[in-house]
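The structure appears below as structure tokens.
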Amino acid sequence: MCHSSPTTMILIVVVYSCVKTGVAMSEWTTEIEAKWQKRWYDAKINEAERDSRPKFMIIFAYPGLTGYLHVGHMRGYTYVDAIGRFMRMTGHNVMFPVGTHATGNGAISLARRVERGDQKTIEYLKNNGCTDEDLEKLKEPLSVVSFFNDVYIQQYWKRFGFLSDWRRFTSTVHPGYSKFIQWQFRKLHDKGLLFQKPYFAPACIECGPVAVDASETDLSKGGNAETTEYTLLKFKCEDYSLVAATVRPETVYGQTNFWVNPDVEYVKVKINDEIWVISPQSFEKMKLQKDGMELMGTIPGRELIGKMATAPVIHRDIPVLPAKFCKPEVGTGLVTSVPSDAPDDWMSIHILKNNDEMIQEYGLDPAMVKSIKAIPIIDTKGYGPLPAAELIEKMGITEAGDPRLDEAKKMIYKDGFHTGVMNLNCGPFAGMKVEEAKEKMKQMMLESGEADLFYDLSEEVICRCGQPVFIKKVPDQWFIDYANPEVTEQTKEHCKGMHILPADYYNNVQGVLDWFRERACVRQGNWLGTRFPYDDKWIIEAISDSTLYPVYYIISKYYSEGVIREDEMTEEFFDYVLLGKGDIKTVSENTKVDLDTLHNIREDVLYWYPLDLNLGGKEHMTVHFPAFLMNHAAILPKDMWPRGIFVNWYVTGKLGKISKSKGGAEPIPDAAGKFGVDSLRLYYAHIAVPFADVAWDEDAIVTYEARMERILRTIDSLKELKGTDLKDVDSWLISRMNTRIDTIRDCMYEYDIRGMANEVYFEALNDMRWYMRRGGRNKKTAQKALEIWVKMMAPITPHIAEEVWESLGHEDFVSIADYPEYDENDSDFGAEIAEEYLESVIDDIKEIMKVIDNQNAKIAEENPSATPKKPGTIYIYTTPMWKMKIQAMAKDMLGNMRLPALLRPAAVSREMMRSGNENDSILETAFDAGKKAASRMLAIPALTKAVMANNELKKRGKESADFARKLAEEFNKKSDVEIAKATLELNEYDYLKEAESFLASELGCDVKVYSADDSDAPDPQNKARASAPKRPAIYIDLV
RNA sequence: GCAAGGGUAGCCAAGCCUGGCCAACGGCGCAGGACUUAGGAUCCUGUCCUUAGUGGUCCGAGGGUUCAAAUCCCUUCCCUUGCACCA
């Protein structure tokens, strides 16, 4: 409890008398958390060693080490621990290892920020509990790694009571891990899955390669920039080429003129045997992408104006005209003009045509200028032949500098790209879709030498060091070939048999794998990680070194316990233990690893692998998971490919995603102390399905905390029961719990933690309370139910479960007890139906009472002095025998008629729709059969006939027939033979009679139960007539 | 742009795959009552409209399939998320 006043303290003393006295909830939980964690770890129940049990290996995708984690991260981790605990309790030998991903520049960047005393960073670290002493250490990247490794383990995972095997902990910068990664890359290389080709990547002039992404770990500005590919178009003009950059190469057929900014001093650059004219800014960038560029001199833009240049593809001479919208920092600072589809071009021509002064100033031929006419080239849906002109008019733009021109440009580009078709002016491309023509025309021009390519960032990007970031050519970049068709196919096929959650992702992963293509896998520069085995200058990139690693957890134990050293972890070593390659004696001689160890590791690998479940956040769906799957498929034998993937969504802040670097949520240890770990675990498990984001809301956690308290109080009350009588409600409770066990096991088979939590912490709690409310007082029943319940809780709220378990007199851990199992003998469907029946009777009575209240209110409105009528005695009349008889007949007739699902008309017609073949004869037959069967279901005449054949019932005439019809209708709506049977077996009169006093206390007035067959029963309003099976008639006598 | 997900009563959130015990689990909030000196504690009850336990309307909007639709199909509006050298 976060707000414990002195009085609440007193209450708690009373409430927790059986568990713990004298402390507030949060103090109490903190105390028991530490206590049980110590006991678990001392007893090593978390440690995983090979044995004869079936194994279960589960991990979460290890977190990147870039600082403190926040409460959101614990969501997925908690799922993993809870699933692991459940599996452990259902007879599995569970391995749940953890690690951290330190590859990358997160630690480096953090260390640098600490070193230079960055205020925001220091503040953030201190808010998370970092001391001044710690800060000193954090100036060195590897210390950052070890510092946070410790924080993650001690403050997060152990704090949450995870039964992780700590001996297996590894970090990606551990030497043993590096050895493993190098082995992995040698295997990829052997399989021909590594290759080199030039690559264009963002790089700082000073620091080398940097990552441009929104989190801006490498950057001080421009994290949202995107790489744009420009097609460079060369326009022959005298002895040089004017080079324009465009993102719309498909528009070359519409070129009418060329734009030059008169105020820019352009440069002449020699490249191969051509001379290009471009802006100086673009030259700086281009140098990084093209070899052998040489500055020859400069040329003022003004000087170019009025010349003629030969446009590519169309080979027409077009005039060079002045335009101020050509910015030297964008593209090449030179622009080709396509007024049909480019609003800027249209506007500038329009203005120039009407500005004689300007024409004169630049010495242009007025006739030539005025003769320029836009050439329609693309038919775009919703536009005429000249989209630019059309949109400008529609938007009412009249000036060259109008910012809406940009908006117009984007609109036309977007619409043109998706809906446009090249028209007859476009030579061989006429009739082709823009999407297609764009690529084809670009290729054509590249081949003919009329065009080239140039990459640029969409906005200014500045490195952390202050230098600009440009796109730089990396000539010998290594890639992993994830597009490899064979591996892709194998992986896709394997996924079909995997347990992938959510189901959407199960389907989508097929598409993701198709889409997954070559991926740059090494980088240079400031970076922690493993050296690339084939070339030391490269370091393996962060996604690529975290794909096969789960298998390394099996080995990491031997490494961290010093049984093997990194120099012994050779290619031969891994080949043997992971692939079974080679002869154990030879391997032992060569590696110096002793035979036993080699044998043990190999056996461990065979035992533990494949991985049963890999859980990760949704960001992994298109990044980590496909790589994880494909590396397994590429390197390991088929029987070691993973079995399951679980994708979880996020915990967001109220204003958006909680960010690791920006903070926004309270530190994990603080939350744990404030609410209690088990309350938090329950919160994660139950707040929503794992496949939806939830907003972090402390109020919500408080309610889960309150629920835990309520459960504890209920447990205390149950423990106090001393009775020996057995009532109906006793077998009801046991049966109920038994049903819950069944449901929970079904849930957990699908890793449905929320479903499980709902049963245990909500439904079962209601059962316990109902039991006591109904007068259940039996000590044995209570004890049995309690033991089941506490075991049920152990996966999600283990600390409290242990504490209660101990208070029940157990000396072992509930964490390794057997999870409750469904027991046929405990099942009492009749008892469950009976209690349901009782509840529905109460509901009906309350419904009537509500109506009475409403009526009283109405009367009071009209006549304030009237005395409101109050329920005096409630009369209940249970169904007469003859109706039961009809019910029995209906059950017999209809019970066996339940259609198999496939024959139901709706199912069949849906099948027909899906197959798209309405003539499918099999389906048609099924459809007919379904129809026929359905008509049989509505067997009203049949039932009526049967009823009338019975003399006794026939005597009642219409009354019997009416009831038969009603019943048949009812049955057709919701026929369940089991329920019908149980209903018939229930003696309603006896049952309600016994519950009379309970009903009276529930409803607050006298209750009298009669049978409708009892002719002596008082029935002033003749209600008894209306009674039916499971629906007794009710009369409330008002006083 | 590409790919995916979602819109459910005041709010949060189940259900949807496998149509029918769905006026729609549960929680919060709110209202009333009980217990109390008091309560932000706890326990009961209620919480779409109407109504002696019935009926009506309802699951973003509009169509359709079906004996039957929150659930299946189509159209449409709105929102969210991921997108590669970033972990």
Side-chain angles (χ1 to χ4, degrees), chain A residues 1 3 5 7-8 11-12 15 61 63-66 101 103-106 199 201-202 209 211-218 223 414 417-418 477 479 482 502-505 508 511-512 515-523 541-544 546 618-624 627 649-650 657 660 686-689 691-695 697 699-700 703-704 706-707 709-710 713 754-755 758 762-763 766 769 773 841 843-855 901 904-907 909-910 913-914 934-935 937-938 970 972-976 979 1002 1021 1023 1026 1031 1033-1036:
Chain A
M1 218 169 303
H3 36 247
S5 60
T7 36
T8 32
L11 253 167
I12 285 159
V15 159
L65 243 171
T66 50
H101 190 223
T103 309
N105 72 344
Y199 182 63
V212 174
D213 77 303
S215 67
E216 300 195 336
T217 47
D218 280 3
K414 194 171 137 186
F417 183 76
H418 291 282
Q477 174 68 47
F479 290 84
Y482 286 120
D504 290 318
Y505 187 55
N508 297 152
V512 171
W515 160 87
F516 212 57
R517 42 181 207 273
E518 65 204 29
R519 186 188 168 95
C521 61
V522 294
R523 63 171 277 168
E541 168 279 329
I543 301 302
S544 306
S546 53
K618 63 178 173 182
E619 75 277 19
H620 292 310
M621 286 194 286
T622 53
V623 183
H624 166 248
W649 265 235
Y650 300 144
K657 187 177 168 178
K660 242 193 276 184
H686 186 264
I687 185 74
V689 289
F691 321 118
D693 288 337
V694 292
D697 178 1
D699 290 348
T703 69
Y704 282 103
R707 179 155 292 268
E709 292 180 49
R710 194 172 167 188
R713 273 193 305 274
R754 186 183 198 272
N758 204 51
F762 290 80
E763 302 296 344
N766 286 340
R769 296 166 70 91
R773 230 171 113 187
V841 172
D843 278 351
D844 278 351
I845 294 172
K846 278 185 181 156
E847 184 70 25
I848 299 168
M849 286 174 140
K850 198 171 87 188
V851 174
I852 294 167
D853 278 349
N854 287 347
Q855 285 171 342
R904 285 183 212 147
S909 60
R910 190 176 50 244
M913 217 182 292
R914 270 185 197 155
S935 67
M937 284 180 78
L938 302 162
E970 193 95 336
N972 284 333
K973 254 194 242 164
K974 40 178 184 179
S975 70
D976 187 317
I979 293 178
E1002 278 292 300
Q1021 291 200 2
K1023 291 274 183 193
R1031 203 170 171 79
I1034 296 157
Y1035 167 65
I1036 300 178

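Residue numbers begin at 1 in each chain, while the letters A, B, ... track the order of the sequences.
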For [N], give the paired nucleotide (Watson-Crick: N1-N3 plus N6-O4 or O6-N4; G-U: N1-O2 and O6-N3; both under 3.5 Å), or none.
N       : value
rC67(B) : rG20(B)
rA3(B)  : rU81(B)
rA52(B) : none
rA61(B) : rU75(B)
rA13(B) : none
rU37(B) : none

Mind listing the closest non-hydrogen atom pair of [X] and [Y] along with its distance?
X          : Y         : answer
Asp693(A)  : Tyr650(A) : OD1-N, 2.7 Å
Tyr482(A)  : Arg517(A) : CB-O, 3.3 Å
Ala520(A)  : Gln477(A) : CB-NE2, 3.5 Å
Met621(A)  : Val512(A) : O-CG1, 3.7 Å
Ile1036(A) : Met849(A) : CD1-CG, 4.0 Å
Gly106(A)  : Thr66(A)  : CA-CG2, 3.7 Å

Give [X] one of three labels, base, sugar-phosphate or nothing, depending on what nucleic acid heavy atoms sit under 4.0 Å from its own.
X         : answer
Ala700(A) : nothing
Ser546(A) : nothing
Phe691(A) : nothing
Trp515(A) : base
Ala503(A) : nothing

Nearest-nucleotide check on RNA chain B, Glu763(A) vs Ala1026(A); residue mapping nearer the 5' end is Glu763(A)
Contact nearer the 5' end of RNA chain B, comparing His620(A) with Arg707(A)
Arg707(A)
Got a second to check how far [X]'s [atom1] is from [Y]'s [atom2], nearest 0.5 Å?
X         : Y         : atom1 : atom2 : answer
Ile845(A) : Ile852(A) : CD1   : CD1   : 10.5 Å
Arg519(A) : Phe479(A) : CZ    : CZ    : 10.5 Å
Asn766(A) : Arg773(A) : CG    : CZ    : 9.5 Å
His101(A) : His624(A) : NE2   : NE2   : 9.0 Å

How many whole angstroms separate atom [atom1] of [X] from atom [atom2] of [N]?
X         : N       : atom1 : atom2 : result
Ile543(A) : rA84(B) : CD1   : P     : 10 Å
Tyr650(A) : rG82(B) : OH    : C1'   : 8 Å
Asp843(A) : rC22(B) : CG    : P     : 13 Å
Glu709(A) : rU42(B) : CD    : C1'   : 11 Å
Lys618(A) : rU81(B) : NZ    : C1'   : 4 Å
His101(A) : rA87(B) : NE2   : C1'   : 7 Å
Met621(A) : rC2(B)  : CE    : P     : 18 Å
Asn508(A) : rU81(B) : CG    : P     : 18 Å

Across nucleotides 31-36 of chain B, 5' to 3', mark each nucleotide with B, S or - according to how protein heavy atoms within less than 4.0 Å reach it.
------
Using atom [atom1] in both nucleotides, what's the gap between [N] and [M] to the nearest angstrom?
N       : M       : atom1 : value
rU47(B) : rG26(B) : C1'   : 15 Å
rA3(B)  : rA70(B) : P     : 32 Å
rC2(B)  : rG63(B) : C1'   : 30 Å
rU75(B) : rG46(B) : P     : 44 Å
rG20(B) : rA69(B) : C1'   : 10 Å
rU71(B) : rU81(B) : C1'   : 24 Å
rC12(B) : rU80(B) : P     : 15 Å
rA41(B) : rC49(B) : C1'   : 36 Å

Working note: Lys618(A) + Tyr505(A), criterion side-chain contact (heavy atoms from CB on, under 4.5 Å); need CA distance, chi angles, decisive distance, verdict.
CA-CA 10 Å; Lys618(A) 63 178 173 182; Tyr505(A) 187 55; over 6 Å; no
[X] side chain, from C-beta outward: closest of [options]:
X          : options                   : result
Asp504(A)  : rG53(B), rG5(B), rG27(B)  : rG5(B)
Arg1031(A) : rA87(B), rC44(B), rG53(B) : rG53(B)
Arg710(A)  : rG53(B), rA87(B), rC43(B) : rC43(B)

Look at Arg713(A) and rC43(B) and indicate whether a side-chain polar atom (N or O) is within less than 4.0 Å of OP1 or OP2.
yes
Check the interface with nucleotides 50-52 of chain B: list each N/O to N/O pair with the protein under 3.5 Å, or write none.
residue, atom, partner, partner atom, Å
rU51(B), OP1, Lys858(A), NZ, 2.8
rA52(B), OP1, Gln855(A), NE2, 3.1
rA52(B), OP2, Gln855(A), NE2, 2.7
rA52(B), N6, Ile1036(A), O, 2.6
rA52(B), N1, Ile1036(A), N, 2.8

Using a 3.5 Å distance criterion without hydrogens, assess whether the side chain of Tyr1035(A) forms a donor-acceptor pair with backbone atoms of Gln1021(A).
no
Does Thr103(A) offer a backbone N or O that forms a donor-acceptor pair with the side chain of Glu541(A) under 3.5 Å?
no
Show your reasoning for whether side-chain contact (heavy atoms from CB on, under 4.5 Å) applies to Asn758(A) and Glu763(A).
CA-CA 6 Å; Asn758(A) 204 51; Glu763(A) 302 296 344; 3.9 Å; yes
What are the atom names and distances for every N/O pair under 3.5 Å that joins the protein to nucleotides 7-13 of chain B?
residue, atom, partner, partner atom, Å
rA13(B), O2', Arg754(A), NH2, 3.4

Parallel, tilted or perpendicular, as decided by the 30° and 60° cut-offs, for the rings of Trp649(A) and Phe691(A):
perpendicular
